[in-house]
Number of protein chains: 2
Amino acid sequence: MKRIKRATLEAHGWRLGTAADFLDLTPEEAAFVGTKLALSQSVRDRRIAQGLSQAALAKRLTSSQSRVAKMEAADPTVSVDLLLRALFALGAKPSDVASAIRKGRSLAA
Amino acid sequence: MKRIKRATLEAHGWRLGTAADFLDLTPEEAAFVGTKLALSQSVRDRRIAQGLSQAALAKRLTSSQSRVAKMEAADPTVSVDLLLRALFALGAKPSDVASAIRKGRSLAA
DNA sequence: CGAGGATATGTCAGTTCTGACATCGACACA
DNA sequence: TGTGTCGATGTCAGAACTGACATATCCTCG
């Protein structure tokens, strides 16, 4: 898997509302990163909606607080697999995941 | 990530139409496996619809024919990340991915 | 019967991801 | 001020994943 070092910075820029420049992301990469962002946002939203701390969610996942933080920050070292597991652990159904992805903002240049 | 050795067998059982027993999959695991199956099926469908060989798709992905075969077989060693990359490389848009997931057959016991 | 194309399966060394841990800053409340 | 909770960030050893390769099976043409 190609490492996209800028992903996190860009993700933050986007999440903070600043103008992100995804200049050299191919359409495929943009779609992938956008999907990841949508999922990580969904994890945070669901966790908060359920009044859980990152540590509490981590426990359900047999993971750690730091990894949950990275998930929600769309850290490049977090896999989509882990994001999906987190969502399902938060009670999401496949249709919820589908909605989250569909709602994800496009990162087209 | 917890290894689910039975996943492949079960996946095949399901894909071949035989009665699969997902007896000891938790709802979360079932949702996860089901999602993976939906994505791998989508990869195969799209590839064939575009008249591509597994080798051709592999080349686009900078991967190998054997890995594409494993993707389509929902092999446990294939990550969702890779499946998503394959779908995007096949021209899928996030909304297409969402549809694929939503259409995925439930694996509820 | 070959030969060639497409796909399936097993293996492996190198890379990536993961949980855990340490640490830090922010905030709340006694 | 001190104590506790929460979340962010960096690191690392071990686990999981990856591309590549070898090989095998099935087809479909000659």
Side-chain angles (χ1 to χ4, degrees), chain A residues 1-9 11-13 15-16 29 32-33 36 39-41 43-90, chain B residues 1-13 15-16 29 32-33 36-37 39-41 43-90:
Chain A
M1 187 185 309
K2 183 178 173 186
R3 291 287 84 233
I4 304 176
K5 292 285 186 169
R6 294 178 299 281
T8 304
L9 293 175
H12 280 288
R15 296 212 337 208
L16 295 173
E29 288 172 331
F32 183 74
V33 174
K36 242 175 113 166
L39 294 175
S40 71
Q41 187 62 55
V43 167
R44 166 156 278 172
D45 292 347
R46 278 185 170 266
R47 176 180 64 80
I48 292 183
Q50 294 181 30
L52 295 172
S53 65
Q54 293 182 340
L57 172 56
K59 190 172 181 183
R60 278 201 208 176
L61 283 168
T62 333
S63 182
S64 58
Q65 179 268 324
S66 62
R67 192 135 295 274
V68 172
K70 290 178 218 287
M71 279 184 221
E72 297 184 353
D75 186 289
T77 73
V78 171
S79 69
V80 171
D81 294 64
L82 190 57
L83 290 171
L84 285 184
R85 285 179 197 283
L87 284 172
F88 291 135
L90 284 167
Chain B
M1 187 185 309
K2 183 178 173 187
R3 295 285 81 235
I4 304 173
K5 294 285 188 170
R6 293 178 300 281
T8 302
L9 293 176
E10 290 166 335
H12 280 287
R15 294 212 338 211
L16 294 174
E29 289 173 330
F32 183 73
V33 174
K36 241 175 114 167
L37 283 171
L39 294 175
S40 72
Q41 186 63 55
V43 167
R44 166 157 277 174
D45 292 347
R46 280 185 168 266
R47 176 179 67 78
I48 292 182
Q50 294 180 31
L52 295 171
S53 65
Q54 292 183 339
L57 173 54
K59 190 173 181 184
R60 278 202 208 176
L61 284 170
T62 334
S63 183
S64 58
Q65 178 269 323
S66 62
R67 192 135 297 274
V68 173
K70 288 178 221 288
M71 281 185 221
E72 298 184 352
D75 185 289
T77 74
V78 171
S79 69
V80 171
D81 293 64
L82 190 58
L83 291 170
L84 285 184
R85 285 180 198 284
L87 284 172
F88 291 135
L90 285 167

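Letters go in sequence order (proteins before strands), and every chain restarts at 1.
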Find every protein N or O atom lying less than 3.5 Å from an N or O atom of nucleotides 3-7 of chain D, and list the pairs.
unit_1, atom_1, unit_2, atom_2, d
D:dG7, OP1, A:R47, NH1, 3.0
D:dG7, OP2, A:Q54, N, 2.7

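Between B:L57 atom CG and C:dT7 atom C1' there is a gap of 13 Å when expressed in whole angstrom units. Note: CG (A:L84) to C1' (C:dT18) measures 16 Å, nearest angstrom. B:D75 places its CG atom 12 Å from the P atom of C:dA8, with the value rounded to the nearest Å. If you measure from atom CZ of A:R67 to atom P of D:dA16, you get 14 Å, rounded to the nearest angstrom. In this entry the distance linking CE of A:M71 with P of D:dT9 reads 15 Å, nearest Å. Rounded to an integer number of Å, the gap from CZ of A:R85 to P of C:dT18 is 9 Å.
Atoms CZ and CG, on B:F32 and B:L37 in that order, are 10.5 Å from each other to the nearest 0.5 Å. One distance of note links NZ of B:K70 with OG of B:S40; it measures 14.0 Å at 0.5 Å rounding.
Under a 4.0 Å N-O distance rule, the pair A:E29/B:R85 does not qualify as a salt bridge.
Listed for the A:K59 side chain is no donor-acceptor partner under 3.5 Å among the backbone atoms of A:Q54.
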Exercise. Given the rule in the side-chain contact (heavy atoms from CB on, under 4.5 Å) test, do A:L61 and A:M71 qualify, once you have shown the distances and angles that lead to the verdict?
Worked result: CA-CA 12 Å; A:L61 283 168; A:M71 279 184 221; 3.7 Å; yes
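Judged by distance alone with a 3.5 Å cut-off, no donor-acceptor contact links the side chain of B:K70 to the base of D:dG19. Applying the 3.5 Å distance criterion, the base of C:dC21 shares a donor-acceptor pair with the side chain of A:S66.
Side-chain contact of A:E72 with A:Q41: a donor-acceptor pair under 3.5 Å is absent, judged by distance alone.
Heavy atoms of A:V68 sit nowhere under 4.0 angstrom from any nucleic acid atom.
Checking the phosphate oxygens (OP1, OP2) of D:dC17, no side-chain nitrogen or oxygen of B:T77 falls inside 4.0 Å. For D:dC17, neither phosphate oxygen OP1 nor OP2 lies less than 4.0 angstrom from any side-chain nitrogen or oxygen of B:S79.
Between A:L84 and B:K36, the closest side-chain pair of non-hydrogen atoms is not below 4.5 Å.
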